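Worth saying up front: this structure is predicted, and the values here are computed from it rather than measured.
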Amino acid sequence: GAVVSQHPSWVICKSGTSVKIECRSLDFQATTMFWYRQFPKQSLMLMATSNEGSKATYEQGVEKDKFLINHASLTLSTLTVTSAHPEDSSFYICSAPGRYDSPLHFGNGTRLTVT
Amino acid sequence: EDQVTQSPEALRLQEGESSSLNCSYTVSGLRGLFWYRQDPGKGPEFLFTLYSAGEEKEKERLKATLTKKESFLHITAPKPEDSATYLCVGSSNTGKLIFGQGTTLQVKP
């Protein structure tokens, strides 16, 4: 079964509003979680690493003030897209370091559409 | 620069027509090579981990192999439900994950 839960699975919002996406690790603690963005027919692009109890680490070119990350507890990380614009429309996926043999367990993604 | 390149970008097969997906990599001190399956609108689902050249892993109709430069995902007698995008991911000696672009497989009945 799923070990990482991501919510919502899809969201439509208007330009200028903010949207929060939640990522939860189920039945295990994750001090680190990762946020990816995926464009159609492209692979995953790492946006930032979320660290429980400290600031997130952002990849080069990712706007910290636009994509706010909060690792509130050992099982929850949130990504808030602030003042969303149509170009922020994308598929956002979170992941947590793997258990057993997988390096990462992924959430099911969130399809964000900004109108 | 660490890189993972998958080919082909897209592959169409008839049901039962076996084939292979290729993943070429140049990754510093490869720690592991991973295969994931991604269905449309979903997150990637773990398939295999390979650690050293010569290693093979199997699961149902899929078999993953690893050499010093490439990994192959062999699909034997595929079924329509095998249709998905298959991602190859390399892990470097620093723990960084390098994603391939994926191969989108379509299996027609």
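Side-chain atoms of A:Ile93 and B:Gln38, non-hydrogen and from C-beta on, do get closer than 4.5 Å to each other. Within the 4.5 Å cutoff, no side-chain heavy atoms of B:Tyr51 are placed close to those of B:Leu33.
With a 4.5 angstrom heavy-atom cutoff, A:Phe34 does not touch chain B via any of its atoms. If you measure heavy-atom distances from A:Leu104 to chain B, the contacts under 4.5 Å come from both the backbone and the side chain. Only the side chain of A:Gln38 comes within less than 4.5 Å of a heavy atom of chain B; its backbone N, CA, C and O stay farther away.
When each of B:Ser91, B:Gly41, B:Ala10 is checked for heavy-atom pairs under 4.5 Å with chain A, B:Gly41 comes out on top.
Between A:Glu22 and A:Lys20, no side-chain nitrogen of the basic residue sits less than 4.0 Å from a carboxylate oxygen of the acidic one, so the salt-bridge criterion is not met.
Taking hydrophobic clusters as Ile, Leu, Val, Met, Phe, Trp and Tyr residues chained together by side-chain heavy-atom distances below 4.5 Å, B:Leu47 does not share a cluster with B:Phe72.
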